[in-house]
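All remarks here apply to the structure that follows.
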Amino acid sequence: MKKIPLFDNQGKVRFLLGIAEDITERKQLEEKLLQSQKMEAIGQLAGGVAHDFNNILMVILGYGSILVNEETLPERQKEQVEQIMNAADKAAKLTSDLLAFSRKQVIKPATMDLNDIILHVEKFLSRIIGEDVQLRARLTPRELQVDVDRGQIEQVLINLATNARDAMPKGGLLTIETSAQRIDEAFAQANGIGVPGPYAVISISDTGAGMDEQTRRRIFEPFFTTKEVGKGTGLGMSIVYGIIQQHSGFVNVYSEPGLGTTFRIYLPFSEQSAEAALEPEVAVAPPGGTETILVVEDEPDLRLLLQNILSGAGYRVLLAENGQVAADLYAARAGEIALVLMDMIMPGMSGKEACHVIRAVDPAAKVLYTSGYTMDIIKSRDLLDEGTELLMKPVRPVELLKKVREMLDR
Ligand code: ADP
Ligand code: MG
């Protein structure tokens, strides 16, 4: 930051002329790096402890079994040793969970169709979630060849289903979807994750309690739990994280309190099938324009990204950080704004409510929603208004620009 004083006639400093550099993006990248370094460090620590602990447990279990088999040992003592062994067994289960998180477990990958794995565990998953929760699977007809350890991916699905059940004590809907998606450079950079290329995607959505921002930031930490003592170990999500990392994939979470949760798991396509399975995107320049677009998004990272994509294609962009600001802005400059691009779920005034206020000003206002939830959840909650459209997060730049142009040309 540089400051230059400007003097008045008496030679006194009257103004300061300043130059500042916008470091928002750098700060955001730093934060992401920090988060992944933190997970790495926790993983190493947990792995180290688990490894040593395993050896100690072997000693306890070893001598325990010798003692139990000792003929001269009175019955009462035998029972007590058995209690010790039971506890040690539980501890062994915990350490093996910790090892899974810290990626010290060996994986045995084989090439297989991700859809097959899901079909295989579907029955088991419905047993986990119980009768009150409905399970819906929507699998893409496309083959999703990935190099994975089947048992580990099943473990991921089981952990996610268990959490979904806990989040829906009164019942609800659990949706599992699969799809193929090409991660491009822009997406990888914007999210600070992944290597560009074709990925198989599993989306798992529940209609449960959801979580706030604070909880969401911590769910992958080992031993982080919001459940009462005895109910949660806080290891489920850290195991999911560890397994997916080990498969060179990544996990995204979308959630709002009271509105349910969607996890998206990205696994790279198998080398052999990658190119055959997913045609590379033709490098046509996405369509642009010069109209004014109002972007409404509460998450600063995303707001910046959307602004960059749209202004990069020539559009004028107005920004609002919530529904109320958007509604006010629209009322003040209605004639100018050709399209409203709006997050569906925001704190305070929701997208739907803001849309109603905007449509009171101009009934023909064009509104394009973005949301991290799956279509199922949105339809079941009646969040989509007549004449509005929806793009799924993470929004891909090319798709966004195509949809925007299409709506503007209507
Ligand atoms: P545990 O289930 O033992 O608490 P996890 O690592 O599986 O540990 O999850 C950590 C925390 O993440 C949970 O306590 C809960 O607060 C939150 N969480 C995970 N999945 C969901 C979900 N589907 N809905 C709401 N909260 C969830
Ligand atoms: Mg859990």
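Since this is a predicted model, take the numbers as computed values, not measurements.
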Query - Intermediate values then yes/no, salt bridge (Lys or Arg N to Asp or Glu O under 4.0 Å), Arg150 and Glu154 - result: CA-CA 6 Å; Arg150 172 176 223 132; Glu154 287 175 357; 3.5 Å; yes

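- Shown here for Asp147 and His247, the closest heavy-atom pair between the two residues is O-CD2, 3.6 Å.
- Taking CG of Leu294 as the start and CD1 of Ile337 as the end, the distance is 4.5 Å to the nearest 0.5 Å.
- To the nearest 0.5 Å, atoms CG (Leu319) and CG (Leu329) are separated by 9.0 Å.
- Aromatic ring orientation, Tyr241 versus Phe220: tilted (interplanar angle from 30° to 60°).
- For Glu291, the side-chain hydrogen bond (donor to acceptor under 3.5 Å, both in side chains) criterion is met by Arg405, not counting sequence neighbours.
- Under a 3.5 Å cut-off, the side chain of Glu353 and the backbone N or O of Ser350 do form a donor-acceptor pair.
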Requested in this report: Carefully, step by step, assess Ile158 and Phe124 under the rule side chain to side chain contact (heavy atoms under 4.5 Å, CB included).
Outcome: CA-CA 8 Å; Ile158 289 165; Phe124 189 66; 3.5 Å; yes

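- For Lys366, there are no side-chain hydrogen bond (donor to acceptor under 3.5 Å, both in side chains) partners, not counting sequence neighbours.
- Between Ile118 and Ile176, some side-chain heavy-atom pair lies under the 4.5 Å cut-off.
- Between Gly172 and Thr207, the shortest heavy-atom contact is CA-OG1, 3.4 Å.
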**Report entry** Residue pair Thr175, Ile204: steps toward the side chain to side chain contact (heavy atoms under 4.5 Å, CB included) verdict
**Finding:** CA-CA 6 Å; Thr175 316; Ile204 300 196; over 6 Å; no

Query - Intermediate values then yes/no, salt bridge (Lys or Arg N to Asp or Glu O under 4.0 Å), Arg303 and Glu321 - result: CA-CA 8 Å; Arg303 207 163 51 229; Glu321 69 272 20; 5.2 Å; no

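- Using a 4.0 Å cut-off between charged side-chain N and carboxylate O, Arg216 and Glu213 make a salt bridge.
- The side-chain heavy atoms of Pro196 and Asp184, taken from C-beta on, include no pair separated by under 4.5 Å.
- In this structure, Thr370 OG1 and Ile345 CD1 are separated by 9.5 Å, a value rounded to the nearest 0.5 Å.
- For Asn322, the side-chain contact (heavy atoms from CB on, under 4.5 Å) partners two or more places apart in sequence, or in a different chain, are Gln324, Val325.
- Leu306 CG to Ser311 OG: the interatomic distance, rounded to the nearest 0.5 Å, is 10.5 Å.
- Taking every heavy atom of both residues into account, Ala180 and Leu144 meet most closely at CB-CD2, 3.9 Å.
- A salt bridge links Arg333 to Glu336: at least one charged side-chain nitrogen sits closer than 4.0 Å to a carboxylate oxygen.
- Counting only heavy atoms from C-beta outward, the side chains of Thr290 and Tyr315 never approach each other to under 4.5 Å.
- Checking each of Ile239, Val156, Val148 against Ile244 for a side chain to side chain contact (heavy atoms under 4.5 Å, CB included) leaves exactly one that passes, namely Val156.
- Considering all non-hydrogen atoms of both residues, Val296 and Gly323 come closest at CG1-N, 4.3 Å.
- Taking the side chain as every heavy atom from C-beta outward, Thr111 and Val146 never approach each other to under 4.5 Å.
- Side chains of Met85 and Leu61 form a contact here, defined as non-hydrogen atoms less than 4.5 Å apart.
- In this structure, the side-chain hydrogen bond (donor to acceptor under 3.5 Å, both in side chains) partners of Asp212, at least two apart in sequence or on a different chain, are Thr215.
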Report task. List the steps, then state whether salt bridge (Lys or Arg N to Asp or Glu O under 4.0 Å) holds for Glu221 with Arg218. Result -> CA-CA 6 Å; Glu221 289 177 21; Arg218 300 192 58 195; 3.2 Å; yes

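- Taking the ring centroids of Tyr254 and Phe263, they lie at or beyond the 6.0 Å cut-off.
- Side chain of Glu297 to backbone of Glu299: a donor-acceptor contact under 3.5 angstrom is found.
- The CZ atom of Arg264 sits 8.0 Å away from atom OG of Ser179, with the distance rounded to the nearest 0.5 Å.
- The neighbour count for Lys93 NZ, taken as heavy atoms of other residues, nucleotides or ligands under 6.0 Å away, does not exceed 12.
- The side-chain hydrogen bond (donor to acceptor under 3.5 Å, both in side chains) pairs that include a residue from residues 157-168 are Gln155-Asn159, Asn163-Lys227, Asp166-Lys227, where partners are two or more places apart or lie in different chains.
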Query raised in the report: Should Glu389 and Arg410 be marked as a salt bridge (Lys or Arg N to Asp or Glu O under 4.0 Å) after you check the CA-CA gap, both sets of side-chain angles, and the distance that decides it?
Result: CA-CA 13 Å; Glu389 300 239 10; Arg410 238 171 244 167; 2.9 Å; yes

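- Side-chain atoms of Gln80 and Gln83, non-hydrogen and from C-beta on, never get closer than 4.5 Å to each other.
- When the options Ser203, Ser255, Ser371, Ser205 are evaluated for a side chain to side chain donor-acceptor pair (under 3.5 Å) with Thr262, the one that passes is Ser205.
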Requested in this report: Report the C-alpha separation of Val240 and Met237 in whole Å, then their side-chain angles, then the decisive distance to 0.1 Å, and conclude whether the side chain to side chain contact (heavy atoms under 4.5 Å, CB included) test is met.
Outcome: CA-CA 5 Å; Val240 168; Met237 288 311 301; 4.3 Å; yes

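- Lys352 has its side chain out of reach of Thr388: every pair of non-hydrogen atoms, C-beta onward, lies at least 4.5 Å apart.
- A 6.0 Å sphere centred on CZ of Phe53 holds no more than 12 heavy atoms belonging to other residues, nucleotides or ligands.
- Thr178 pairs by the side-chain hydrogen bond (donor to acceptor under 3.5 Å, both in side chains) definition with Asn115, not counting sequence neighbours.
- Here the CG-OH distance, from Leu390 to Tyr369, works out to 9.5 Å after rounding to the nearest 0.5 Å.
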Report task. Verify side chain to side chain contact (heavy atoms under 4.5 Å, CB included) between Val340 and Tyr330, making sure each step is shown before the conclusion. Result -> CA-CA 9 Å; Val340 183; Tyr330 194 89; 3.8 Å; yes

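- Taking all atoms of both residues into account, the shortest heavy-atom contact from Pro347 to Asp298 is CD-OD2, 3.3 Å.
- With contacts defined as side-chain heavy-atom distances shorter than 4.5 Å, the pair Arg359/Cys355 qualifies.
- Nearest heavy atom pair, residue Gly210 against residue Thr261, reads CA-OG1, 3.5 Å.
- For the side chain to side chain contact (heavy atoms under 4.5 Å, CB included) test with Leu139, the passing option among Ile202, Leu119, Asp116, Asp113 is Leu119; the others fail.
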